[in-house]
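Inspection log for the structure reproduced underneath, given as structure tokens.
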Number of protein chains: 2
Amino acid sequence: MDKDGSGSRSHFEAMHFVEDVGLLLERQGIPRMAGRIIGWLLICDPPHQSASQLAQVLGASKASISTMTRLLIEMSLVEQVGVPGQRRDHFHIKPGAWDEVMRETLDEIVLGRQLADRGLELLERKPAELKQRLREAREVYAFFEEEYPALLERWEKTRKKTLR
Amino acid sequence: MDKDGSGSRSHFEAMHFVEDVGLLLERQGIPRMAGRIIGWLLICDPPHQSASQLAQVLGASKASISTMTRLLIEMSLVEQVGVPGQRRDHFHIKPGAWDEVMRETLDEIVLGRQLADRGLELLERKPAELKQRLREAREVYAFFEEEYPALLERWEKTRKKTLR
DNA sequence: TAATTAGTTTAGTCAAGACTGAACATATTA
DNA sequence: TAATATGTTCAGTCTTGACTAAACTAATTA
């Protein structure tokens, strides 16, 4: 039995999965290759992989892997792990990575609300109907800014029940 | 009094606002110029503008405005409006545009959950500990997929109180 | 119908940045 | 220390897509 998370039969499906994760994350502004690394680290066996393994499986240069793993570590999505009896560092999906992703959404929301407020200041002396557009945007952001933390907290609770 | 939403005194701030909206939306994968159009349409007076007005204010080509307004209409963020006594169509922020943005978030979440499920199928015959990473991702998405619609609904209610 | 104005389409330019190869560093093993 | 294996940095290539100029279409006015 192979150690790469797929019999050669399902190797095609595995690579297809990797590619689709790359596509999905690209839409969130993450470079394609970084997304592929995430995709592979989600399904590989063992769950940690060295830089050269990643380069080989994904058909990418060492340089690209080096740059993208650094980016992913910076984003707190990937972690380096030492593997006993192995020379160099390996990478794996950082536990709790997805919580981090969801938490970052909150930052975007806050930025949006703040920007809307700035816009409203520009319209200070204008009639209410002109402010309507921006008030709408502001209120959406403000609502989510208020609700989102509670949602995250509820997730933390649910999480402990669902996983492990 | 000028009709562009800013005295020349505050013209600089207005353009700065426009630029920042462009930057914020660019991070969501919307082209810079499209973001600028949104930014300007949020603060201009009157709230509807013709293609040539947009081109002039934003210092962009007619072609770019034409392409980007089409994109924004496609995304349901902007609408065409007829203005009595004016030759051609004008554009304005579509009322409820931000609701639409929030609703699209749900699509992303669903896609994420589905993709995680596909990954889990690939690991079907593997031990539970190997599935842990993906289960975590899946459960986060699943949680939001379940909670998000209720959140949107609560927003719809709050909205009617807050606005108008 | 000619002249003017408004907007779209097309073909092409340009810039950003993802990615690579090769030189360089660092550590491990012999 | 030499030889090998692993990873990083740098300089340059290549692709993508945002943007423009100019030709084209359509509508309005004279």
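Every chain is numbered from 1, with letters handed out A, B, ... down the list of sequences. Heavy-atom basis, side chains included; hydrogens, waters and symmetry copies ignored.
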Closest nucleotide among C/dT8, D/dA21, C/dA18 to the B/Ser66 side chain: C/dT8
Is the shortest side-chain N to carboxylate O distance from B/Arg103 to B/Glu100 below 4.0 Å? yes
Does the plane of the ring in B/Trp155 sit parallel, tilted or perpendicular to the ring in A/Phe143? Use 30° and 60° as the thresholds. tilted
What is the distance, rounded to the nearest whole Å, between atom CG of A/Leu58 and atom C1' of C/dT20? 15 Å
Any side-chain N or O of B/Ser52 below 4.0 angstrom from OP1/OP2 of C/dG7? yes
B/Asp89 CG to C/dA6 P, in whole Å, measures 13 Å
Testing B/Leu72, B/Ile93, B/Leu41 for side chain to side chain contact (heavy atoms under 4.5 Å, CB included) with B/Leu77, which one passes? B/Leu72
Quick one: B/Ile65 CD1 to D/dT20 P, roughly how many Å, whole number? 8 Å
Should B/Ser64 be listed as having a side-chain N or O under 4.0 Å from OP1 or OP2 of D/dT20? yes
Which listed nucleotide (D/dG7, D/dT8, D/dC19) is nearest to the side chain of B/Arg36? D/dC19
Tell me the interatomic distance from B/Arg32, atom CZ, to C/dA15, atom C1', rounded to whole angstroms. 12 Å
Ring geometry between B/Trp98 and A/Tyr141 (parallel below 30°, tilted from 30 to 60°, perpendicular above 60°): perpendicular
